[in-house]
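Here's the structure we're looking at; comments come further down.
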Protein chains: 2
Amino acid sequence: MGASKTEHFSDKQNQIAAMAKAIGHPARVAIIEYLLSVDTCICGDIVNVLPLAQPTVSQHLKELKNAGIIKGSIEGTAICYCLNPDALSVLDAFFAHITVHIKNKNTNCC
Amino acid sequence: MGASKTEHFSDKQNQIAAMAKAIGHPARVAIIEYLLSVDTCICGDIVNVLPLAQPTVSQHLKELKNAGIIKGSIEGTAICYCLNPDALSVLDAFFAHITVHIKNKNTNCC
DNA sequence: ATTATTTATCGTAATATTGCAATATTATAA
DNA sequence: TTATAATATTGCAATATTACGATAAATAAT
């Protein structure tokens, strides 16, 4: 096959998975870290920052955008990309919830 | 191609990406949530919990284990699987760091 | 020893991802 | 209008992922 059986899982599970999947590539982690490091949102130099060809970077940006991780708006010739706090806070809450609950578990057999 | 150019990115970026990728499937999100919900680590019923065939579940468990998200040990006929707090705390720290830094940014043009 | 139970592996088909060259699109500048 | 610059899309090849039937391996129970 090759297609996930998304219909068998909850919307929340599919949403978390889609966002995690989008972050599941080192180039896209690098993009996220770069967007976090710059103070302004005018990010027309993302292509120069990554060791990948321009179409490849454009494709990675598209995937991050589709997953809601970043937002983009036209800013003249360049495109302005920024992180989407809403999406990232969902992931933050997910992992914070997990780590808190793991600590509360006394059984740890593995 | 189809192979990520991991050598161009930092170990940290590759580690985050590998773990995020492992969580980037709704069945694996469901597995994580199930492991979090049960009190004991003896988890021989994961197959029955998911709407997927046994070999598929086994494959998903293997990927989570390879990424370090879960740990497993033999427990008689069954296999004992648990979440790995170390790996999950790395992801927790990553996303907590991002959300904190986003809040500190005053520019938000998108 | 034989059977039942549980999990892993193999093989394979369908689909998705990754990467880039070539090209298209869009907006600014001359 | 005609360049120039920045980003997007298309097309394609190489590889990876997803899913499952069939089968293997390992342990427990009879």
task = Would you please confirm or rule out a distance under 4.0 Å between OP1 or OP2 of D/dA6 and any side-chain N or O of A/Y81?
result = no
ask   = OP1 or OP2 of D/dA19 sitting under 4.0 Å from any side-chain N/O of B/T56?
value = no
key: Shortest side-chain distance from B/H25, nucleotide among C/dC20, C/dT9, D/dT18   = D/dT18
query = When the ring planes of A/H60 and A/H25 are compared, do they come out parallel, tilted or perpendicular, using 30° and 60° as the limits?
reply = tilted
key: Short side-chain N/O contact from A/K62 to OP1 or OP2 of D/dT9, under 4.0 Å   = yes
task = Using atom CG of A/N66 as one end and atom P of C/dA16 as the other, report the distance to the nearest whole Å.
result = 14 Å
inquiry  = Can you confirm whether A/N48 is buried at CG, in the sense that more than 12 heavy atoms of other residues, nucleotides or ligands lie under 6.0 Å from that atom?
reply    = yes
request  = Give a yes/no answer on whether the side chain of B/H60 brings an N or O atom under 4.0 Å of OP1 or OP2 in D/dA19.
outcome  = yes
task = Starting at atom CD1 of A/I31, determine the distance to atom P of C/dT18, rounded to an integer number of angstrom.
result = 11 Å
key: A/Q59 CD - C/dT17 C1' separation (whole Å)   = 8 Å
query = Starting at the 5' end of DNA chain D and moving along, which residue's nearest nucleotide shows up first, B/E63 or A/L61?
reply = A/L61
request  = Confirm from the modelled atom types if A/Q54 and D/dA6 form a donor-acceptor pair under 3.5 Å, side chain to base only.
outcome  = no
task = Taking the side chain as every heavy atom from C-beta outward, state whether B/V29 and A/N14 have any pair of such atoms under 4.5 Å apart.
result = no
request  = Indicate yes or no for a side-chain donor-acceptor contact from A/S37 to the backbone of A/Y34 under 3.5 Å, with no hydrogens or angles considered.
outcome  = yes
inquiry  = Distance check needed: C/dT18 P versus B/F9 CZ, whole Å only.
reply    = 11 Å
note = To the nearest 0.5 Å, atom CD1 of B/I70 lies from atom CG of B/L88 at 10.0 Å
For atom CG of A/L52 and atom P of C/dT17, their distance in whole Å = 17 Å
inquiry  = Need one value for B/K21: base, sugar-phosphate or nothing, where a base atom within 4.0 Å counts as base even if backbone is also close, heavy atoms only.
reply    = sugar-phosphate
key: Closest-nucleotide ordering on DNA chain C, the 5'-leading residue of A/P55 and A/A27   = A/A27
